[in-house]
Amino acid sequence: MFSFSKFFLASSLEEAYSELLKNKKNIILGGTSYLRMGNTSWNTAIDLSNLNLNYILEKEDFISIGAMTTFRS
């Protein structure tokens, strides 16, 4: 199980990144199955769910997959 002191709902990628850099014990939440394996305390949990990162973009030489894209997509 994991725990955190504060919860931060980011409104932009820049804001999330800035919050992440404030403390080395800050963490971005997403697919938290591996976080449950340890018994760790984190300072701030950063949530990216409001940033519309559920996309798949296919370009000629690469594919870009957003951080909130589901396996089903």
Side-chain angles (χ1 to χ4, degrees):
M1 189 72 170
F2 66 94
S3 62
F4 48 87
S5 305
K6 295 180 266 179
F7 181 79
F8 182 78
L9 185 60
S11 58
S12 70
L13 282 176
E14 293 78 18
E15 189 178 53
Y17 185 65
S18 173
E19 188 67 27
L20 181 64
L21 294 179
K22 286 182 182 178
N23 187 321
K24 68 179 185 174
K25 292 289 283 183
N26 290 356
I27 189 166
I28 293 177
L29 292 179
T32 58
S33 60
Y34 289 112
L35 291 176
R36 288 187 213 125
M37 294 173 74
N39 209 8
T40 308
S41 284
W42 299 98
N43 183 40
T44 302
I46 303 166
D47 185 0
L48 304 178
S49 63
N50 284 349
L51 302 183
N52 296 325
L53 297 174
N54 54 346
Y55 59 84
I56 300 174
L57 298 175
E58 296 181 44
K59 302 288 182 176
E60 286 185 22
D61 47 349
F62 68 92
I63 297 173
S64 179
I65 302 173
M68 301 298 287
T69 304
T70 64
F71 284 124
R72 180 170 221 109
S73 295

Trainee: Tell me, which pairs form a salt bridge (Lys or Arg N to Asp or Glu O under 4.0 Å) where one or both residues lie in residues 6-23, sequence neighbours left out?
Mentor: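 Non-adjacent pairs meeting salt bridge (Lys or Arg N to Asp or Glu O under 4.0 Å): E19-K22.
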Trainee: Going from OG1 on T44 to CZ on F7, what distance comes out if it is rounded to the nearest 0.5 angstrom?
Mentor: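 Answer for the OG1-CZ pair, T44 versus F7, is 11.0 Å.
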Trainee: Testing the basics here: between N26 and L20, what is the closest heavy-atom pair and its distance to 0.1 Å?
Mentor: O-CD1, 3.6 Å
Trainee: When rounded to the nearest 0.5 angstrom, what is the spacing between CH2 in W42 and CD1 in I28?
Mentor: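 Taking CH2 in W42 and CD1 in I28, the distance rounds to 11.0 Å.
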Trainee: Working to the nearest 0.5 angstrom, can you tell me the gap between L48 CG and S11 OG?
Mentor: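 If we round to the nearest 0.5 Å, L48:CG and S11:OG are 11.0 Å apart.
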Trainee: Within the structure provided, determine whether I63 and I56 are in side-chain contact (heavy-atom separation under 4.5 Å).
Mentor: yes
Trainee: Quick one: do L13 and F8 end up in the same hydrophobic cluster if we chain Ile, Leu, Val, Met, Phe, Trp and Tyr together by side-chain heavy atoms under 4.5 Å apart?
Mentor: yes
Trainee: Grab the two heavy atoms, one from A10 and one from I46, that are nearest each other, plus how far apart they are.
Mentor: CB-CG2, 4.4 Å
Trainee: Would you indicate whether the side-chain heavy atoms of Y55 and L53 approach each other to under 4.5 Å?
Mentor: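 Yes, close enough: below the 4.5 Å cut-off.
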